[in-house]
Amino acid sequence: DTGSAAAIPINEVDIAYVTPVTIGTPPQTLMLDLDTGSSDLWVFSSLTPSNQVRGQEIYSPTKSSTSKLLSGHTWSIRYGDGSGSRGTVYTDNFTIGGLEVKSQAVQAALEVSSSFTQEQSLDGLVGLGFSALNTVRPSSQLTFFDNARPNLDEEVFTADLKYHATGSYDFGFIDSKKYAGNITYTAVQQSPGYWTHSLSGYSVGSGAFQASQISGISDTGTTLVYLPTAIVTAYYRQVQGAQNSQYYGGYVFPCSSTLPTFTFGIEGARFTIPASYINYTRISPTSTTCYGGLQSSSGLGINIFGDVALKAAFVVFSGTNPPRIGFAIK
Ligand SMILES: CC(C)(C)S(=O)(=O)N[C@@H](Cc1ccccc1)C(=O)N[C@@H](Cc1c[nH]c[nH+]1)C(=O)N[C@@H](CC1CCCCC1)C(O)(O)C(F)(F)C(=O)NCCN1CCOCC1
């Protein structure tokens, strides 16, 4: 089997991307954020208190003839940005881009944090990290990818995220029309459950490439790129008027500044993030100060290759044994 679905930016600065999925019989369509940084598939539901739902589509298990309560099971998740949700668990038919998994664990929210309530374009998440990170107890559940894998033509899914445009996620095949040249693969360290791998180095603008193994996670659910402070300061040293603002919690600069590109290495291959991707957003609609798409990871304890980096490449998440991740120019 294979599947292919759109990755649609939810706002004009690509803060996140959502993908239409269908759940149950008859199919209920929700827009979910496919997130390689976590492994819970959870949705706004008919069980979510109405004062916590603001415009989101909800999954109603009672309206699905194929839903089954996974009795006695609960879940609770906290994300890096402090947001979180918790609830109960059903199994039901779940489809992304024509690829169906019967009896997928669908985690129905009984409570969501305020930032989820405020994000009306996001009806939930599809975790595509390794199933070891799943929070369902007493027995953890498999991700959509792990459930689909035995039926996939190829044990892969790919991410083709785009800058200010709709991209795609494919399951079970690698679409050669979506990239140029070769795919460069590198080893993935799957514990504790992220797609963890190393960059072979970086360069700023036209500067020399600095070879250095930088370990981090390729995370479609994180908007920006978070790298070691030394690299980030070297980058913003090239930006007139840049400063690391305590107030804004990161590097800001005059929106009129010229930004250099940022290049990262995967093994021997090189991928360049255009300056426009790193000029992430104005700090407020009328401000002339802008917030950078490249920020320091010092507060996180982990380096994150988020959407700002991933949208500069065609990315193959390979569930082979051992797992690996591939990058290609597009
Ligand atoms: C606007 C912004 C300043 C760039 S933002 O940082 O707020 N953007 C958010 C994403 C977002 C989208 C839409 C609306 C609001 C927020 C962002 O990038 N959040 C990251 C930031 C981060 C990571 N680390 C430190 N900070 C995050 O939590 N991403 C998680 C998914 C998000 C959660 C909020 C809703 C959108 C999806 C994540 O899953 O990618 C994760 F990997 F960062 C994460 O937290 N994974 C949870 C891992 N646990 C480990 C223990 O077992 C359970 C799973």
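Counting convention: from 1, in listed order, for ligands and their atoms alike.
Ranking the protein heavy atoms by distance from atom 36 (C) of ligand 1 puts Asp33 OD2, 3.6 Å first. Shortest contact from atom 54 (C) of ligand 1 to any protein heavy atom: Ile77 CD1, 3.9 Å. In this structure, the protein non-hydrogen atom closest to atom 6 (O) of ligand 1 is Tyr226 OH, 3.8 Å. Ranking the protein heavy atoms by distance from atom 40 (O) of ligand 1 puts Asp219 OD2, 2.6 Å first. Here the protein heavy atom with the shortest distance to atom 49 (N) of ligand 1 is Tyr194 OH, 4.1 Å. When hydrogens are left out, the protein atom nearest atom 2 (C) of ligand 1 is Thr223 OG1, 4.3 Å; that is the closest non-hydrogen contact. Looking only at heavy atoms of the protein, atom 46 (N) of ligand 1 is closest to Gly37 O, 2.9 Å. For atom 45 (O) of ligand 1, the closest non-hydrogen atom of the protein is Gly80 N, 2.6 Å.
A salt bridge between Lys68 and Asp92 is absent, with no side-chain N of the basic residue lying under 4.0 Å from a carboxylate O of the acidic one.
Close approach to Phe116 involves these atoms of ligand 1, each under 4.0 Å from a residue heavy atom: 34 (C), 35 (C). Interface of Leu133 with ligand 1, defined as ligand atoms under 4.0 Å from a residue heavy atom, comprises 52 (O), 53 (C). Residue contact check: Ala16 has heavy atoms under 4.0 Å from atoms 12 (C), 13 (C) of ligand 1. Residue Thr135 has at least one heavy-atom neighbour below 4.0 Å for each of these atoms of ligand 1: 53 (C). Here is the list of ligand 1 atoms found below 4.0 Å of a heavy atom in Leu224: 4 (C). Of all the atoms in ligand 1, the ones that sit under 4.0 Å from a non-hydrogen atom of Ile304 are 23 (C), 24 (N). Atom numbering of ligand 1 starts at 1 in the shown order; those under 4.0 Å from a heavy atom of Ser38 are 39 (O). Which parts of ligand 1 touch Leu300 is read off a 4.0 Å heavy-atom cut-off, strictly below it: atoms 25 (C).
Counting only non-hydrogen atoms, the option in Asp35, Ile15, Ile217 that gets closest to atom 12 (C) of ligand 1 is Ile15.
Using a 4.0 Å cutoff on heavy atoms, Ser115 does not count as a contact of ligand 1.
Of the heavy atoms in Thr222, both backbone and side-chain atoms come closer than 4.0 Å to ligand 1.
Close N/O approach between Asp81 and ligand 1 is found [any backbone or side-chain N/O within under 3.5 Å]. Polar contact check, Gly221 against ligand 1: a nitrogen or oxygen pair lies under 3.5 Å apart. The shortest N/O to N/O separation between Glu119 and ligand 1 does not fall below 3.5 Å. Between Leu125 and ligand 1, not a single N/O pair is under 3.5 Å apart.
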Chi angles and distances behind the ring-ring contact (aromatic ring centres under 6.0 Å, His included) call for Phe144, Phe171: CA-CA 10 Å; Phe144 171 77; Phe171 291 86; 5.3 Å; yes

Step by step, would you call Trp42 with Phe116 a ring-ring contact (aromatic ring centres under 6.0 Å, His included)? CA-CA 12 Å; Trp42 73 265; Phe116 282 115; 4.9 Å; yes

Tyr202 and Phe209: CA distance, side-chain angles, deciding distance, ring-ring contact (aromatic ring centres under 6.0 Å, His included) verdict: CA-CA 6 Å; Tyr202 70 96; Phe209 186 77; 7.3 Å; no

As a quick check of understanding, evaluate side chain to side chain donor-acceptor pair (under 3.5 Å) for Ser318 and Thr320, giving each step before the final call. CA-CA 5 Å; Ser318 176; Thr320 46; 2.9 Å; yes

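In summary, the side chains of Ser168 and Lys178 do present a donor paired with an acceptor at a separation below 3.5 Å, with no hydrogens or angles considered. Judged by distance alone, the side chains of Ser103 and Thr91 never bring a donor and an acceptor atom under 3.5 Å apart. Side-chain contact check for Thr272 and Thr263: at least one donor-acceptor pair (N or O, by modelled atom type) lies under 3.5 Å.
For Ser39 against Gly129, the heavy-atom pair with the smallest separation is OG-C, 3.2 Å. Tyr236 and Ile278 make their closest contact through OH-CG2, 4.1 Å (heavy atoms, listed as atom of the first residue, atom of the second, distance).
No side-chain heavy atom of Thr88 sits less than 4.5 Å from a side-chain heavy atom of His73.
In this structure, Asn134 contributes its side chain and Gln141 its backbone to a donor-acceptor pair below 3.5 Å.
Partners of Asp175 under the salt bridge (charged side-chain N to carboxylate O under 4.0 Å, His left out) rule, at least two apart in sequence or in another chain, are Lys177.
Within the structure, ring-ring contact (aromatic ring centres under 6.0 Å, His included) pairs that include any residue of residues 276-312 comprise Tyr163-Tyr277, His197-Phe305 (at least two apart or interchain).
Under the 4.0 angstrom criterion, atom 9 (C) of ligand 1 counts as having a protein heavy-atom contact.
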